[in-house]
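FYI, side chains are in, hydrogens and waters are out, and symmetry mates aren't considered; it's all heavy atoms of this structure. Here is the naming used below: chain letters follow the sequence lines, and residue numbers restart at 1 for every chain. Since this is a predicted model, take the numbers as computed values, not measurements.
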2 protein chains.
Amino acid sequence: MTVTERKERQRAEREQLFLDKAAELIATDGILQLQMAPLAKACDYATGTLYQHFSSKEDLLVALVGRNSCHQLRFFQGISALPISSREKMLAICVAENINQQHNPSHAGLEQYVFTEVVWQNASAARRQTILANSKPLADLVSGIVQQAIDNKELPAHNCDAFALSVAPWALCVGSNTLEQTEGLLEAFGGNKDPLQRYRHLHMLLNGMQWQPLIDLNDRALLAEQIQRLETLLKPWFSSCNAD
Amino acid sequence: MTVTERKERQRAEREQLFLDKAAELIATDGILQLQMAPLAKACDYATGTLYQHFSSKEDLLVALVGRNSCHQLRFFQGISALPISSREKMLAICVAENINQQHNPSHAGLEQYVFTEVVWQNASAARRQTILANSKPLADLVSGIVQQAIDNKELPAHNCDAFALSVAPWALCVGSNTLEQTEGLLEAFGGNKDPLQRYRHLHMLLNGMQWQPLIDLNDRALLAEQIQRLETLLKPWFSSCNAD
DNA sequence: TCAATTTTTGAATTGGATTCATAATCACCC
DNA sequence: GGGTGATTATGAATCCAATTCAAAAATTGA
């Protein structure tokens, strides 16, 4: 059925167009300002057409986050293959997320918003299913790094499976994002302006997991150098992942 | 001005009524279903009256979270005074948050929602200011526990101030909540049904911070016993804090 | 008791998401 | 090439709930 295939492809292309434009509008005006009718108009389609792709505005937002996680997957796969220690890979994942957020500042806020009950429940079940399925390889990849560390005896299993262990750094990253994202929060409590702080905290956690090699938490220069090195390593690769 | 005072008091009482009823409606029907007009009606006031207290629906939601953090403060102050080690106090804070969430399941979701850009920016600046000011003593209290640990040489300062250190467990708790909150997320990746997992992760972090006494992460029975003990200790105190 | 002032009221307005009857396009067949 | 039924796109109309605001009610002070 070559006709059906073509239609399907065109449909998929249009969906990408909608998502591209939505991302663009969000980047310039903020999530708050995103409206369905103007978005459709900006893509030269009618409002109704937009609704043939997304069952609701929330559904579109979830789709947007889902697409980003596909990009992240390729990016993260590259990290997994890097010739660095398993512990550094885990750190690199975190650095990668940060690069991604610097490249697209509204994304962090969008992600936080999308996993909110209000938005999540208003997206279609199919869309939720899709984003979970898309994210699975990502979670597996991180679990894989943990498993590798366990197999290499760099990390004791602590009676947990690799996924359960991988949740700890994941939660820490998510939490750090949330706190930094909320405007005025950290400032109101005690001026946290150090962008390396989250990495210091992550290292604390990794040390606590006994993930070898342990690092000296007092050595700020070492941490700065390490993050600098990872960023330099990752940024070109990030650009190449986003070039298509 | 006794007249002005009385008016002010009545106004404050009405505000509490609105908040109580809103919490009740959210608890039964979910955040999604909360509507301003029915809420006002349920309190036997006109819609417009509601808007004399809250500049928008988002403003009301932020107020709701703010009020809860006042309750938490008294609860946490009790913890701070408990005759247990500083490390256990930090753990107890986390347990306390969980008790609070079990007692009021919609609260975790609400909190996540409220600190979202979309909601946060739609609340009035005054309200944001209030919640930050209300939360400050809470943050100070936690920082105080950290400081106490440093002073007692139970915790090395790692070149950071107490607040910066306290952000690490805070972020981990926030992140754990977010992940658990998102329906289907952890289930889709690898069945995490262990309610103690978050505490195990916290202990990993605290071990990594070198917060004495270090605990054996493999000893599940010990962890279960410790959490059990803290819950038993905290629950009566929680009830007495919510009894007024 | 009355007039000025403050507060409350809830119907009307508004903004924007979503729908759906109609029009256009397409795929297929003669 | 044109006719036909099926599929898809359109955007004005609908709907829903947040928000406003002119009028009514209550309060205050004289």
For residues 45-59 of chain A, which residue pairs qualify under salt bridge (Lys or Arg N to Asp or Glu O under 4.0 Å), counting only residues two or more places apart or in two chains?
A:Asp59-A:Arg127
Here the salt bridge (Lys or Arg N to Asp or Glu O under 4.0 Å) pairs for residues 27-54 of chain B, sequence neighbours left out, are none
The correct set of residues in residues 20-34 of chain B placing a heavy atom under 4.0 Å from DNA chain D is B:Leu34
Below 4.0 angstrom, which residues in residues 117-128 of chain B have at least one non-hydrogen atom near DNA chain C?
none
Apply salt bridge (Lys or Arg N to Asp or Glu O under 4.0 Å) to A:Lys235 and list each qualifying residue two or more places apart in sequence or on a separate chain.
none
Applying side chain to side chain donor-acceptor pair (under 3.5 Å), can you list everything that pairs with A:Lys89, at least two apart in sequence or on another chain?
A:Gln148
Result block: side-chain N/O donor-acceptor pairs under 3.5 angstrom for residues 17-25 of chain A, not counting sequence neighbours:
{"from": "A:Asp20", "atom 1": "OD1", "to": "A:Arg67", "atom 2": "NH1", "distance (Å)": "2.8"}
{"from": "A:Asp20", "atom 1": "OD1", "to": "A:Arg67", "atom 2": "NH2", "distance (Å)": "3.1"}

Sub-4.5 Å side-chain heavy-atom contact between B:Leu64 and B:Phe54
no
If we only count heavy atoms from C-beta on, is the B:Thr182 to A:Thr116 side-chain gap below 4.5 Å?
no
Which parts of residues 35-51 of chain A get close to DNA chain D, meaning a heavy atom less than 4.0 angstrom away?
A:Tyr45, A:Ala46, A:Thr47, A:Gly48, A:Thr49
Once side-chain contact (heavy atoms from CB on, under 4.5 Å) is applied, do any residues pair with A:Gln35, and if so which ones, sequence neighbours excluded?
A:Pro38
With sequence neighbours excluded, what pairs up with B:Asp140 under the side-chain contact (heavy atoms from CB on, under 4.5 Å) test?
B:Lys136
Between B:Trp120 (side chain) and B:Val114 (backbone), is there a donor-acceptor pair under 3.5 Å?
no
Any donor-acceptor N/O pair, B:Thr49 side chain to B:Tyr45 backbone, under 3.5 Å:
no
Any residue in residues 53-68 of chain A with a heavy atom nearer than 4.0 angstrom to DNA chain C? Just list them by number, or reply none.
A:Ser56, A:Lys57
Could you list the residues that satisfy side chain to side chain donor-acceptor pair (under 3.5 Å) with A:Glu97, not counting sequence neighbours?
A:Asn177
Min side-chain heavy-atom separation A:Phe163-B:Leu186 under 4.5 Å:
yes
Given atom CD of A:Gln52 and atom C1' of C:dT18, what is their separation to the nearest angstrom?
13 Å
Taking any heavy-atom pair under 4.0 Å as a contact, classify B:Arg14: base, sugar-phosphate, or nothing.
sugar-phosphate
